[in-house]
Structure formats: structure tokens, C-alpha cells
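Before anything else, here's the structure in question.
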Amino acid sequence: MSKTPQAIRGTQDIFGADAEAFAFVVETFERVRKLYRFRRAEMPVFEKTEVFSRAIGETTDVVSKEMYSFDDRGGESLTLRPEFTAGIARAFLSNGWQQHAPVKLATHGPLFRYERPQKGRYRQFHQIDAEIIGAGEPQADVELLAMADHLLKELGIEGVTLHLNTLGDGDSREAWRAALVEHFREVKDELSEDSQERLEKNPLRILDSKDRRDQRFVADAPKIDDFLTDEAKAFFDAVTSGLDAAGVKWTRAESLVRGLDYYRHTAFEFIPDEGSEAAGKLGSQSTILGGGRYDGLMESLGGAPTPAVGWAAGIERLAMLVGAQEEKRVEIAVVVENSAREHDAIAAVSMLRRMGISTELFATGSPRKRYDKARKTDPGVLVSMDLREDGTARQNWVVTLPEITLQDEAFAAFTSRWDIPDDTY
RNA sequence: GCGAUCGUAGCUCAGUUGGUUAGAGCGCCGGUUUGUGGUACCGGAGGUCGCGGGUUCGAACCCCGUCGAUCGCCCCA
């Protein structure tokens, strides 16, 4: 006897009510994206490593230490996708999707990041994703965010707010970054160890440090607003006024920066409100949906300058907020009380299922306990098929939940073939 | 990568200061009762106590390592 292999760390097997919640998130996303006319796209789960390293940025945590990379048999370095955006951008360029631009794309599926697992964080996790490529107007940002907001409402998620910021255009962002480095460098010795490191690698991140030692200096740090060009400022104003017009509630988050290099202008996250029920369910993983504008990304992959904006949301995190969804009860349970009726029962369930009624057959195990077993599934209708003592067929039809779909049709179809005594219906 | 807590039947958990063949409930399988019924009773299968070392006359219990889970840091969805 060999040992049973274990699942890979950070992967999960999802079943039952949790799987239903997962499916509910995906189904709702599919429904909403069609309302907004986002088109479905499917991309490979792995790409050449450079697709991600060039697009996301070599110095980011994702690229520098979280990628699942390996050499294939031809010696080429490949990587399991850690996010959707880079792969979508590559697909856009390699397939000439410019011809469809501006194009609204939606996808969902598994992603891989080598991280320490914890609540709401896995090594193989799943996201839904929406992107608008080839649209440089603030209207695109507004539509994308309205869709995200709409989706959360359709999912019934409460207590989550859109946190919105602008990073300005490339020049604004660089000027701001330089000012921040200068500001924090003066007090470098008093910063936390983490932030001293961030000062070199990713100074913007110091702004949302949780360490008290850093927060003292964050308050009077240079503000992005002071570095915005007129164009960048007008862009952001157009986004916020558009959101107001669309009825999307938002809050300005001056210190919100996104980790990846490619973001420009709009950056946003949907975050549970402090102390809300949603915040409690998520633990320390607070962001459920995040994204922004990435006007520089296509060029980093060798394409023509192409404005784009997008977001992604963790399906597992959304599913946690949605809560476990009960699996639907079976509509009709058919019990074979006597093995001689097995073929009749098979005929009955196949007829009912073809009518579009969910049906379960109980014909195994002790005949005596089949009825009880069927009872426990709490069916809408319980049909038993038995033999009388004289050997003639006998069946009954017990309704426990009158409102199941197609009940009258099902009863009519059933009784056209098998008699049911009046006293059992 | 760092820190904390935790790993005993399929599931939820007991297991007294280290002391005989490791238990319960639920679930599963079978039987009896009931006999148009989600009942009750009886029985059964199922555990190398995560794994590997060590201490001890003796380890589920103490120590070390390892794997995994959970929670937090970092980072992110």
C-alpha cells in the first residue's frame, strides 16, 4: 500500500456549499459582463516568462519571488500566469486585436503565485477579470468601475467601498515618486526596516505602511495632487464626476498605490468598510477587487502605445463574502422499494430528467432504508415504486414542497404510464 | 521569507499527573421493530494517534526535526 499523495500546499479542493458559492460568483459575473457587453476571452494558463517580467516589472514582489517558473523541454523559461493583464495584453498584440479596439474583454480562471497561504490567499487562486483595451477616455474607467460596482451589488455584497486614487500620467508619477524618495530619505533611520527597503524598491508603498513608525512621516509626505499635470487632473475629475453620474459611491484614497509598475492615472480597490461584517469575513486580506489604468503596458511588450484599463477580483474572496450557498434541493426523488421495480424507476427518472426536472434515484442499499434516505434529501416530490403482496405494481406520489417547477406536467407524464391511487396524491 | 497556534475514525471532538486491547456522537453498511413511513433498538466496517527521530520500564500525551492546516507580517485578488 502506497501513501496517498497530498494536495499541493496552497491549493484547494472545493466542494458542496463552498463550490456553489464559487459558481454563484462566476455565474453572476458572466451575467453582468454581458449586460455591459464585455466579450469573453480565453488565454493560456502559462506564457513565456518574459511576458510577465517585462509587463509587471522585474522589481515587483510578484515577479521577483512569487512566480511559478520552469524550463520546458526545449529549455525555454515558462511561467504559470500570476495575473491576467499581462497575458491579455500579449494576446491583444499577437492576434492583432487592435482591429477590434476599443475592445471590452472579460475572463476568469486560475492564477498562480508562490506565497505563504492564509485566509483568502492561495497559491492557486481564481479571479474574474475585466479589461477595456484601446480606450483612453475617462469614460472607459467609469464604465469599468460601474460594472464592478454593479457586480458586487448583484452578488449581494454590502459594506464594501470603492477607494479611488490617481497616480497621474507617467511624468506626474515620476515627479511625485522622486519627491517621496527625497522626503523619506531625510528620515530614513527612523522608518521601519520594511520601509527602509521600500525606499529603494517601491517608495510609493511606504504610504500605506501599517507600521506606526512610518505613519508619522506619511501625514506630511508630498501629495500626488501637487504633481498632477493639468491633463492628469482633468482626467481624474472626469472619472470622479462620471462615477457620480453613474451612481457609484466612492471615496478618495490619497495613499492608495498599486504594486505593479504599469499603473497610470486611475488606481482603485474595493475594500470592506472598517468594522463591517465583510471585513470580519476576510481577515487581513482586505482587497476584494482591484485595478487601474495601464497606459504604458503595451509598449513594455513591444506594442504600439495603447491605453487600457482593467480590474480583477478574487473569486475565493468574493465567495467568502457571499457565504456558503445551499445546493438546490432535488425536485423529485424516486425510491425503488422493491428491486423488481428497478427498470420502471430507471424509466421514470429518465423521463423526468428529460422534462428538465432534477431527479435522484434511490435504488441501492437496504430496500428498507431507501425511503428514509430519500426523505433526508428533502425532495419536492417523493415517488415510491413498490409491489403489492399479490405482485402487482403500486406507486405513490408524495408532495412535500408544492411549488416545484413543472409539477403538474411531471405528475401527468408519470400517471400516463403508472397508476397512482387517489389516496396517495 | 518571518512569527504564533494546531494535527486522534469519513466528519465534529473526548482521552485526567506519561500507565493495560485508544473512545463518543454523527455519517456509512447490515439486521430487528414499525408497516405509507424522516422512528427506535441491536450489530458491523473504519485509526501505524500527520510523518521521522529522541527521552522513558512504558509516549496520543514530554523533547527535536519535518510535512500540512489555521491566523498574522510582507505582498496581493
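So that the names make sense, note that chain A is the first sequence line, chain B the second, and so on, each numbered from 1. Remember, it's a predicted structure, so these values are computed and weren't measured experimentally.
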> T364(A) or Y122(A): which one's nearest nucleotide on RNA chain B is closer to the 5' end?
Replying inline: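 In this pair, the answer is T364(A).
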> Taking CG from N396(A) and P from rG38(B), how many angstroms apart are they, rounded to a whole number?
Replying inline: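 Between P of rG38(B) and CG of N396(A): 13 Å.
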> G291(A) near the nucleic acid: base, sugar-phosphate alone, or nothing, with a heavy-atom cut-off under 4.0 Å?
Replying inline: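 The residue G291(A) makes no contact with any strand.
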> Where along residues 205-212 of chain A does a heavy atom come under 4.0 Å from RNA chain B, residue by residue in number order?
Replying inline: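 Under 4.0 Å from RNA chain B: R205(A), K210(A).
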> Looking across every strand, which nucleic acid part, if any, lies under 4.0 Å from F270(A) by heavy atom: base, sugar-phosphate, or nothing?
Replying inline: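 Here F270(A) touches no strand at all.
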>> Tell me whether the side-chain N or O atoms of R198(A) pair up with the base of rC75(B) as donor and acceptor below 3.5 Å, since no angle test is needed here.
In response: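 Counting by modelled atom types and ignoring angles, no donor-acceptor contact under 3.5 Å is found here.
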> At under 4.0 Å between heavy atoms, what does R258(A) touch on the DNA or RNA strands: base, sugar-phosphate, or nothing?
Replying inline: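 Here R258(A) touches the backbone only, sparing every base.
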> In residues 144-159 of chain A, which residues come under 4.0 Å of RNA chain B by heavy atom?
Replying inline: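 The answer is none.
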>> For a quick check of understanding: with a heavy-atom distance under 4.0 Å over all strands, which category does T60(A) fall into, base, sugar-phosphate or nothing?
In response: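 Nothing: the residue T60(A), judged by heavy atoms under 4.0 Å, touches no strand.
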>> Determine whether a donor-acceptor pair (N or O, by modelled atom type, separation under 3.5 Å) exists between the side chain of N95(A) and the backbone of A91(A).
In response: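 Between the backbone of A91(A) and the side chain of N95(A) there is a qualifying donor-acceptor contact (under 3.5 Å).
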>> With ring-ring contact (aromatic ring centres under 6.0 Å, His included) as the rule and sequence neighbours excluded, what pairs involving residues 318-353 of chain A come up?
In response: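 For residues 318-353 of chain A: none.
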> What dot-bracket string describes RNA chain B from 5' to 3', counting Watson-Crick and G-U wobble pairs whose defining distances are under 3.5 Å, with [ ] for crossing pairs and | for pairs to another strand?
Replying inline: (((((((..((((.....[...)))).(((((.......))))).....(((((..]....))))))))))))....
>> Within the 4.0 Å heavy-atom criterion, would you say R9(A) contacts the bases, only the backbone, or no part of the nucleic acid?
In response: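 The answer is sugar-phosphate, as R9(A) gets under 4.0 Å only of primed atoms, P, OP1 or OP2.
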>> According to salt bridge (charged side-chain N to carboxylate O under 4.0 Å, His left out), who are the partners of R177(A), at least two apart in sequence or on a separate chain?
In response: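 Partners of R177(A) under the salt bridge (charged side-chain N to carboxylate O under 4.0 Å, His left out) test: none.
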> Looking at rG68(B), rC75(B), rA77(B), which one has an atom nearest to any side-chain atom of E66(A)?
Replying inline: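 Taking heavy atoms from C-beta onward, the closest nucleotide is rC75(B).
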>> One character per nucleotide, please: for nucleotides 1-8 of chain B, 5' to 3', B when the base has a protein heavy atom closer than 4.0 Å, S when only the sugar-phosphate does, - otherwise.
In response: BBB-----
>> Consider side chain to side chain contact (heavy atoms under 4.5 Å, CB included). Of L145(A), T287(A), L164(A), L151(A), which one does F270(A) pass it with?
In response: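 Only match with F270(A) under side chain to side chain contact (heavy atoms under 4.5 Å, CB included): L145(A).
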